[in-house]
Amino acid sequence: MAYGDGPLLVLAGAGSGKTRMLTHRIAHLIATRRAWPSQILAVTFTNKAAREMRERVESLLDSRDQRVWVATFHSTCVRILRREITQLGYQTSFAIYDQSDSLALVKRVLRSMNIDEKGWPPRSVRSEIDRFKSRGMLPNEVIADGSLHDEQIGQIYRQYQTELRRANALDFGDLILLTVRLFENHPGVLETYRRRWQHILVDEYQDTNPVQYRLLRLLTGDSQNLCVVGDEDQSIYRFREADIRNILDFEKDFPGAKVVRLERNYRSTQAILDAATAVVSNNTERKGKTLYTDREGGEPIRFYEAADERAEAAFVVSELLKSVDAGASLGDSAIFYRTHAQSRPFEEELLKYNVSYVVVGGTRFYDRAEVKDALAYLRVLRNPDDTESLMRIINRPARGIGRTTVERLLMLSEEDGTSLHRAVERARDERLLSGAAAKRVPAFLAVLDRLRDQSAYDDSVATLLAAILEQTGYLRALQQDTSVEAEARLENLQELLSAAEEFERANRAAASQRDASQRDATQSDAAAGPRAEGDPVGELDLDEGPQNLIDLFLEQVTLFAAVDNLTEDDDRLPLMTAHVAKGLEFPTVFLVGVEEGLVPHFASQSDPAALEEERRLCYVGMTRAMDRLYITHATMRRMHGSVRYNPPSRFLAEIPAEFGVGRPRPGRSESFDSPRSSGAGPGEPRVDYSDSQLPADESPGAGTSGATGTRVEHPVFGAGTIVEVSGAGAGTKLRIRFDRAGMKTIVLRYAQLRMLP
DNA sequence: TATGACATCGTTTTT
DNA sequence: CGATGTCATA
C-alpha cells in the first residue's frame, strides 16, 4: 500500500478488502509524514461506511485522534456550508429538506404557477430537478439549452429554488451543488479548504455523480493527491446520476494516475464468485478483472421456483429455519429483494413463525408523520422561515387554523415575497385576520415564541422536544385518542426522545474527547505521537465554530440512512433491497424475486445501459454471500393489485449450470412472453433443468388415486394428513390437515412434500 | 373545519 | 394493493 502522492485509482473487486486498503493508506500517509491527520479527507456515501472507516483508522493509528476527516459527501458539505453559506446569501441556520419536504414544496410551486399536476407529476418534476442538480446544472442552464420540456422544467426549477431560498432551506442536491458554487465563486474560500485537505480519498467512486466529481476536482487542485477506490461492476446509482464514466475514465482525467487492482476476494466461495462473475461479464461497460478466491468449491447455488410470492416466502423461511435448527443465528442470513414492496410476504411468513427480523429501509423511522411533526417544530424554532415545516405544524395538533386561513396567509407571503412566518407575523401585527383565526394565529405564535425562549437558555434537544410535545398540546391530543395507532405514535415519539438523549450523550463524549486531544497536542510532544505536534488543524477546524446542537441533531436525522442503523451483533434477520445491501456481507443470502420485471426491472428493460446496471445489481446481490446463496423467483406475483406472470430473470441463464441446483422446470418460460427468452443464446442451453423440486419417486399422490390418508411432511407446515386430492398432473391440488398449522390447500407441483412412513 | 367515503393512479433503487 | 387526493357531508 505504499503508494505515495499523486492520483491513484484502486479497482477493488467485491470482497477484496477495499476498506482495509483505504484505512491502511490513511495510516501510511500519516506514518510516513506525507500528511497530518487533519490534512486527510476521506469521503464515503453512507454514514455507516464512514463510521466503520473512522473506527478502523483509529485502531490502526492506535489513537483516538479524530482529526482525519471521514464523512459522507453530504455531511462534509453541510459542515462546510454551516461555516460559509452566508457568502451565498443564506443564513447559517438553514434547514435541510429531505425528499418528502422537497416533494411538498414542488407541489406548492406547481400550484402557485398554475401548472396542472396531471401533465407535470410532482414526483417526476422533483426527481428531474434533483437530477439536474446532480449534473451541476442551474435553472438558467436548463432553460437555455433544452427542449421545450426542459425549458418548462427549468422554469419550475427556478421557482422551486426561489422558494427554497425564501425558506432558508437546502435540499440534498443543494448541499453538494452549493458547495461547488461556493468554491467556484469564492476562490479564497476554496484555497482555505485546499490547504486544509492535502490528501483526498474517495470510497465507492463508481457511484459519484458529475457534481460530486466537480467537487473532488476543485478540492484536489494541483496537488492531484486523489485516491479513489471503486468497482465499476458495483455501480448501481445511475438513477441519481452516478456516472460510471468517472471511474472508467479516471486515468484519462488524471494523467499519470497509478492503478492498482485488488482481485483477491476474501469473502465468497469459488462457486458464488464464479457464478457472479459469469453474470457481470456480460456487461460491456467495464474494465474487466479476474477475481479469485482461496475458498475452492463450496456449496452450489440453490435455485428455487415458487408458485407465487407467498410460496417464495414460505420456501425462504423454511430454509432459514432449517439453518437455525442447525445452529446458525438469524443475523447470519439476509433476504435481498429489488423493491421494498416485496418485503411484505416475507414479513408475514416470519411473523407466523415468530422469527425476529428487521426491515432495513422502506419507511424510515424519521419519516413517520408524528416524528416529522415533532422535528418540524424543532426546525421552525431554529429557522422560522422554513415554510414547509411551518405549514406542517400550524394546525397540528388541530388548533382551528384551517385550510382557508393558511391559504390566505400563504397568499400574503407570496404578495410580499416573504416566508410564511413573516406573513403570519404581519397578519398578527396588522390585524389582518378576522373571526376565530384572529385569536388563534397569535396564540400559535405565542407558543412558538415561548418555546424559542426556552431553547435559548436550555440547549438540551431532548428537553426541548419534550417541551414542544407538552406545550403544543401534541401529547395531550394523542393521549386522548384511544386507538392503537395513537398508541404506536406515542411510542414513536418516546423513541425520538430517546434518540435525542442518545445524540446528546454521544455529542458530549465526542466534544470532551476533542478537548482532551487538544490538550495532548499542546502539553506533550513525544507522548502524543507524530500526529499532534505541528498539526496545522487550528487553521480550519470543522468540529469547532458555531455548531448549534439542534441543527446538528436535525442534520443527523435528515441525512440518516436506513443502513446506518444496522449492526453486526443484531440477531435479527435483515430484509433489504440489493441497493441497501451493497457493502455488506452475510454467510447466507437469499436473493429473491429474480424475475423479468423485477431484475431487470420493467423500467430498465428498454435501455441497454440501464440493463447493464440491473445486471450489476444482481452481481452486487450475489457477491454479498459468503458461504451459501439462494436465488428464487415466483411464477405468479401480485403487484399493485393485479397478477403478473414473470419469467425467470434472463440473468439466471447467464449462470453456468454447474454452479447451481434446483433450476426452474422446463416449459415454463416458453409459455410466457419474455423479452429475451432465458435460453443462453447461441450454443447449448446453459440451464440445467434436471434437478426439479420434487423427485418423482417421492411425490405423494402422483399417479395414485389413493393418496388420501397419506401422511406427508411439508417444509413449512410440518407433518400432516392428505384429506382430499383434486385435479391431475401439474395442477393437482391437495387438501392437507396439518398437525400444527391446520387445514391448507397445497398445489402439489410447488410444494416440497415428503412422504412420511 | 374535520371526517369519511370514494376515486384514481402509478407502479425502483437513495444521500 | 395501498397511498394519495377529492368531494360531500355534519
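Quick caveat, the model's predicted, so the values are computed rather than measured. So you know, we letter chains A, B, ... as the sequences are listed, proteins then strands, and number each from 1.
Taking only side-chain nitrogens and oxygens, A/T577 comes nearer than 4.0 Å to OP1 or OP2 of B/dT14. Listed pair A/T404 / B/dT1 meets the phosphate criterion, a side-chain N or O lying under 4.0 Å from OP1 or OP2.
The CZ atom of A/R131 sits 14 Å away from the P atom of B/dT12 (whole-angstrom rounding). Atom CG of A/D367 and atom C1' of B/dT15 are 13 Å apart (whole Å). One can place CD of A/E407 at 11 Å from P of B/dT1, the figure rounded to the nearest angstrom. Regarding A/F172, its CZ atom lies at a distance of 8 Å from the P atom of B/dT15, rounded to whole Å. Summarising the geometry, the separation between OH on A/Y97 and C1' on B/dT15 is reported as 18 Å, rounded to the nearest angstrom. Per the geometry, NE2 belonging to A/H601 stands 7 Å off P belonging to B/dT13, to the nearest Å. In this structure, the CG atom of A/D607 is 15 Å from the C1' atom of B/dT13, given to the nearest Å. Here the P atom of nucleotide C/dA3 and the CG atom of A/L103 are 15 Å apart, to the nearest Å.
A distance of 6.0 Å or more separates the ring centres of A/F590 and A/F336. The aromatic ring centres of A/H579 and A/Y237 sit less than 6.0 Å apart.
Note on A/T405: only backbone sugar-phosphate atoms sit closer than 4.0 angstrom, heavy atoms only; bases stay farther off. Counting non-hydrogen atoms under 4.0 angstrom, A/S642 reaches nothing in the nucleic acid. The residue A/F73 sits apart from the nucleic acid: no heavy atom pair falls under 4.0 Å.
The aromatic ring of A/F239 does not stack onto the base of B/dT12, failing the criterion of a centre distance under 5.5 Å from the six-membered base ring together with planes under 30° apart. Stacking is not found between A/H579 and the pyrimidine-like six-membered ring of the B/dT13 base under the 5.5 Å centre-distance and 30° plane-angle cut-offs.
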Step by step, would you call A/S235 with A/E232 a side chain to side chain donor-acceptor pair (under 3.5 Å)? CA-CA 5 Å; A/S235 173; A/E232 77 274 15; over 6 Å; no

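When all heavy atoms of A/R135 and A/R214 are compared, the pair lying nearest together is O-NH1, 4.4 Å. Taking all atoms of both residues into account, the shortest heavy-atom contact from A/N209 to A/E241 is CB-O, 3.0 Å. Here the closest heavy-atom approach between residue A/P122 and residue A/V106 is recorded as O-CG1, 3.8 Å. Between A/L496 and A/F553 the shortest heavy-atom distance is CD1-CZ, 4.2 Å.
Heavy-atom nearest nucleotides on DNA chain B were determined for A/T72 and for A/R338, and the one closer to the 5' end corresponds to A/R338.
Only the C1' atoms considered, C/dG5 is 23 Å distant from B/dT12, to the nearest whole Å.
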Protein-proximity profile, nucleotides 5-10 of chain C, B/S/- by nucleotide at the 4.0 Å heavy-atom cutoff, equals S-----

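Side-chain atoms of A/Q99 come within donor-acceptor range of the base of B/dT15, with a qualifying N/O pair under 3.5 Å.
Across C/dG2, B/dT15, B/dT1, the shortest atom-to-atom separation from the side chain of A/R344 is found for C/dG2.
Residues forming a side-chain contact (heavy atoms from CB on, under 4.5 Å) with A/R217 (at least two apart in sequence, or on another chain): A/Y213, A/Q224, A/D253, A/F254.
For the 3.5 Å distance criterion, the side chains of A/Q605 and A/E596 qualify, holding a donor opposite an acceptor.
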Quick one: which protein N/O atoms are closer than 3.5 Å to N/O atoms of nucleotides 2-10 of chain B? Pair and distance per line, please.
| unit_1 | atom_1 | unit_2 | atom_2 | d |
| --- | --- | --- | --- | --- |
| B/dA2 | OP1 | A/N395 | ND2 | 3.4 |

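In this structure, A/R616 CZ and A/T623 OG1 are separated by 13.0 Å, a value rounded to the nearest 0.5 Å.
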